[in-house]
K.L.:
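Please find one structure pasted underneath; my questions will follow.
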Amino acid sequence: MAGRIVDARVVVTCPGRNFVTLRLETEDGITGLGDATLNGRELAVAAYLTEHVVPTLIGRDSARIEDTWQYLYRGAYWRRGPVTMSAIAAVDTALWDIKGKTAGLPVYQLLGGRSRDGVTVYGHANGETVEDVLGEVARYVDLGYRAVRVQAGIPGLTTTYGVGRDRLFYEPADAAIPSEATWSTERYLAHVPTVLARVRQEFGPELRLLHDAHHRLTPIEAARLGRALEPFALTWLEDPVPAELQEGFRLIRQHTTTPLAVGEVFNTVWDCHRLITEQLIDYVRTTVVHAGGITHLRRILDLAALHQVRSGSHGATDLSPVCMAAALHVDLAVPNFGLQEYMRHTEATDAVFPHSYRFADGQLHPGDEPGLGVDLDEELAARYPYRPASLPVNRLEDGTMHDW
Ligand code: KDG
Ligand code: MG
């Protein structure tokens with residue numbers, strides 16, 4: 001028995017980028033960690049936790065994960081939204097960590113045990129030119145990856161989403177006041193199919209290829225892109241349109257057989273229930289941290305399983321190793337796992353969050369330590385104080401605000 005929660009602390013640290021972590025401790029001295037990082041809005045979640053959640057946790061039975069989830073969700077009255085759901089996620093994840101440690105079992109065992117041997121991941125190959133991109137894809141293949149997301153610079157645009165300075169990680173939050181990028185759908189639609197064509201030609205039919213449109217198209221533009229990409233057999237086209245409008249996917253679906261993935265900005269099942277039940281998407285990309293923790297992600301994936309929609313959890317560097325570990329336990333257990341994104345963290349981040357998950361042969365393995373298998377070195381974390389950093393904004397070439 002782990003017993004009652006006696007301490008709850010929010011740790012904000014910036015080992016290269018900002019992370020918000022909740023650490024819970026029980027009367028029996030068992031600790032649990034939960035990721036609460038929301039890129040560019042970190043302190044909003046930290047304040048939500050500190051001011052409104054932590055006081056309600058002290059004295060609460062750490063074993064009651066579902067009841068605590070319902071308390072924080074229904075009890076808030078102002079439900080849903082990324083800040084609230086990231087805060088709930090942090091508590092939920094920490095409680096699963098505690099339950100695993102109490103039982104002496106890795107979390108995936110509590111979720112029903114393994115459904116597969118390892119979690120297949122995709123890396124993030126990017127470059128300004130097609131030649132750069134080909135070189136980066138080759139590097140991922142050499143590292144053992146079986147799936148690669150391909151992002152390229154667009155001729156005529158100075159910066160492009162997904163193309164960064166660092167090779168194994170990509171950090172778009174680059175300035176305290178959002179930097180401004182320029183976007184042209186016409187230039188993008190003219191160029192991207194030529195890049196995917198080259199990559200498919202060079203690497204053959206077996207390598208799984210993906211591409212992220214990052215919410216910038218209208219449904220009919222996305223339909224056109226999906227159709228143009230059909231010959232290159234993508235595993236998925238991600239976030240083709242801003243997804244507030246779930247019905248928008250019907251139009252895309254009518255025109256293309258390119259599989260669709262969406263969900264990194266979703267917070268609850270209510271953001272995607274129509275997409276799932278009408279089979280308008282193929283992969284749902286919600287994450288542990290932004291969608292209410294392991295408890296709620298599992299609920300979304302159970303609905304998805306009924307409709308042959310698979311998981312594709314977001315795994316960018318702005319989700320901490322605590323979230324990555326939690327995602328891997330879910331990935332290993334659920335019947336409808338699809339693919340897991342894996343953008344590597346910096347060495348400094350890995351040092352602050354020592355973890356048992358390991359990469360081998362294109363797969364991640366969460367390890368068999370009780371709980372999540374991640375720790376937080378608080379002394380080291382304290383050496384990296386918070387630094388304000390926002391995600392960029394986008395304007396069309398004539399200055400009109402556009403989706404980033
Ligand atoms: O914070 C925003 C990033 O997580 C996002 O831009 C990364 O789209 C992304 C992806 O698929 O990794
Ligand atoms: Mg994405």
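Start at 1 with the first residue, then count along the sequence. Keep in mind that the numbers below use all heavy atoms, side chains included, and drop hydrogens, waters and symmetry copies. Because the structure is predicted, anything quoted here is derived from the model rather than measured. All ligand and atom numbering here is 1-based and tracks the order in the structure.
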K.L.:
Just by distance, do the side chain of Thr286 and the backbone of Glu264 share a donor-acceptor pair under 3.5 Å?
P.N.:
no
K.L.:
Distance only, no hydrogens: is a donor on one side chain within 3.5 Å (strictly under) of an acceptor on the other, for Glu66 and Thr295?
P.N.:
no
K.L.:
In chain order, what residues pass the side-chain hydrogen bond (donor to acceptor under 3.5 Å, both in side chains) check against Asp377, with sequence neighbours excluded?
P.N.:
none
K.L.:
Between Tyr357 and His355, how do the two ring planes meet: parallel, tilted or perpendicular, split at 30° and 60°?
P.N.:
parallel
K.L.:
Using a distance threshold of 2.8 Å, what protein N/O/S atoms lie below it relative to the Mg ion (ligand 2)?
P.N.:
Asp212 OD2, Glu238 OE2, Glu264 OE1
K.L.:
Does Glu221 pair with Arg216 as a salt bridge, N-O distance under 4.0 Å?
P.N.:
no
K.L.:
Does Tyr71 have Arg64 sitting over its ring (NZ/CZ under 6.0 Å from centre, angle to axis within 45°)?
P.N.:
no
K.L.:
Tell me which residues fall inside the under-4.0 Å heavy-atom shell around ligand 1.
P.N.:
Asn39, Arg149, Tyr161, Asp212, His214, Glu238, Glu264, Arg285, His314, Ala316, Asp318, Glu341, Met343, Leu391, Trp404
K.L.:
Going by the rule side-chain hydrogen bond (donor to acceptor under 3.5 Å, both in side chains), which residues pair with Arg198 if we only count those two or more places apart in sequence or in a different chain?
P.N.:
Glu131
K.L.:
If you measure only the distance, is there a donor-acceptor pair under 3.5 Å linking the side chains of Asp368 and Tyr108?
P.N.:
yes
K.L.:
Give the minimum heavy-atom separation between Tyr73 and Arg80, together with the two atoms involved.
P.N.:
OH-CG, 3.5 Å
